[in-house]
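Only one structure is covered here, and it is reproduced in the block below.
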Amino acid sequence: MTPRGWAVLSLVALTVALVVTAALLIPWHRPPAPRADQLAALGDLPAEQVARSREFRSALRPAGWAAIAIGLLVALLLGLTPLGSRLVELAGRPFGGHWAAQAVLGGLAVVLVADLVTLPFAAWRQAVLTRYGLSTNGWSGWTVDLLKSYAVSAVIGAVALLGFYTVIRLSPRWWWAFGAAGAATLVVLLSFVLPVLVEPVFNRFTPMEQGPLRAQLMQMAARDGVPVRDVLVADASRRTRAVNAYVSGLGPTRRVVVYDTLLREATPAEVTAVVAHELGHAKDRDVAVGTLTGALGAAAAVVALYLLGSSGPLLRLAGVDSVAQPRAFPLLVALVTVAGLVSAPAQALMSRRVEARADAHALALTGDPAAFEAMQRRLAGINLADPDPPRWEYLYSATHPSTVERMAAARAHARETGR
Ligand SMILES: [Zn+2]
């Protein structure tokens with residue numbers, strides 16, 4: 001069998017593995033909370049708060065969709081015309097067109113152009129966030145964060161690009177197989193390494209002060225069978241008013257991280273509800289499942305890119321002879337961008353199902369649906385979430401159940417358990 005034949009076979013096997021993993025490990029059969037409860041919850045929210053969050057979401061929407069549209073347009077322009085390959089050549093020229101310079105500098109140049117064209121929309125978004133009082137870091141803090149995230153992406157990108165094109169040179173016929181394995185490994189590595197290495201670039205963490213709340217959280221984690229080593233507080237208030245918490249690390253390094261904003265804004269019972277939700281993610285190994293599906297998806301994507309990239313018409317549009325050249329990188333970016341936009345609703349759906357399971361875990365663990373509902377109301381108020389967003393937007397991009405769905409789930413739980 002030819003390398004191409006093996007690639008087709010591998011793609012089929014990876015797709016089957018991905019579908020089976022998602023089918024078995026994502027909690028699909030979780031009926032949404034009754035719509036009547038949702039509407040009742042919506043009616044109980046202050047009308048003024050609902051109106052203000054809808055106004056805020058409407059103000060954000062044009063920047064969000066424009067960024068997606070312009071990002072797609074530029075990716076297609078660079079990938080499906082010879083413009084992108086010329087940009088890669090240009091970036092490699094000071095180094096005599098050496099393949100490594102084209103691969104790393106050319107690749108980063110393509111990504112940078114895509115980032116720069118959407119930069120005005122990111123600034124627009126930041127202006128809206130500031131106007132509504134959600135962002136607290138000011139333009140200088142925003143710029144510093146932006147530069148930091150560019151630096152982190154540039155380092156990771158340079159390593160990935162150099163690795164990818166080195167493999168192609170070493171194994172011109174089988175690079176897609178090594179590339180698929182490498183992409184899957186990178187996903188696994190990033191999901192474990194990023195929290196440890198990258199979080200401290202953006203936030204400072206201090207242990208939560210000794211007291212009843214800390215003791216209660218540690219004790220709840222132990223009772224849940226998800227012991228944690230520590231409860232840390234992140235200084236998120238430096239840049240945002242938004243509240244959040246998460247569990248990171250595995251086994252003996254597992255820790256609960258709580259935003260300082262959450263401690264400031266919420267009651268201890270509500271903080272407990274949020275941490276119980278996060279413990280649900282840890283207990284159901286949601287990060288591990290996400291990493292596994294991500295790794296399978298990345299491997300399948302590399303093989304699919306190899307197969308699609310050997311299509312004559314696409315190569316002709318991009319003005320390159322082979323997908324294996326660094327000059328064909330813009331074509332790969334265009335294909336990945338389209339795939340990302342097409343698969344977004346499926347990813348959002350899986351995320352919502354997993355989040356609903358963590359909510360159910362929190363309700364069962366705390367046995368306190370009233371605090372859970374109060375927390376959802378507070379979250380929506382602080383984050384200015386539309387409690388019942390437009391259906392199409394919800395289906396395309398919502399990673400969490402809506403506020404009214406989460407409140408309704410708490411009410412249904414209260415009814416079932418008689419609390
Ligand atoms: Zn969650």
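Remember, it's 1-based here, ligands and their atoms both numbered in the order they're listed.
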Open item on the list: D235 and side chain to side chain donor-acceptor pair (under 3.5 Å): which single residue from T261, T206, N203 fits?
Closed with: N203
Task: Heavy-atom side-chain contact between F329 and S85 under 4.5 Å - done: no
Task: Atoms named by residue and atom, protein N, O or S, within reach of the Zn ion (ligand 1) (under 2.8 Å) - done: H277 NE2, H281 NE2, E355 OE1
TODO: Could you tell me whether D230 and R255 have a side-chain N and a carboxylate O separated by less than 4.0 Å?
DONE: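 Salt bridge: no.
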Open item on the list: Does anything in residues 26-79 form a ring pair (Phe, Tyr, Trp, His ring centres under 6.0 Å)? List the pairs, not counting sequence neighbours.
Closed with: F56-Y132, W65-W392, W65-Y396
Task: Aromatic plane relationship, W174 with W176 - under 30° parallel, 30 to 60° tilted, over 60° perpendicular - done: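 W176 vs W174 ring planes: tilted.
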Open item on the list: Would you say H361 and D224 are linked by a side-chain donor-acceptor pair, where the criterion is simply a distance under 3.5 Å?
Closed with: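 The criterion, which ignores hydrogens and geometry beyond distance, is satisfied for H361 and D224.
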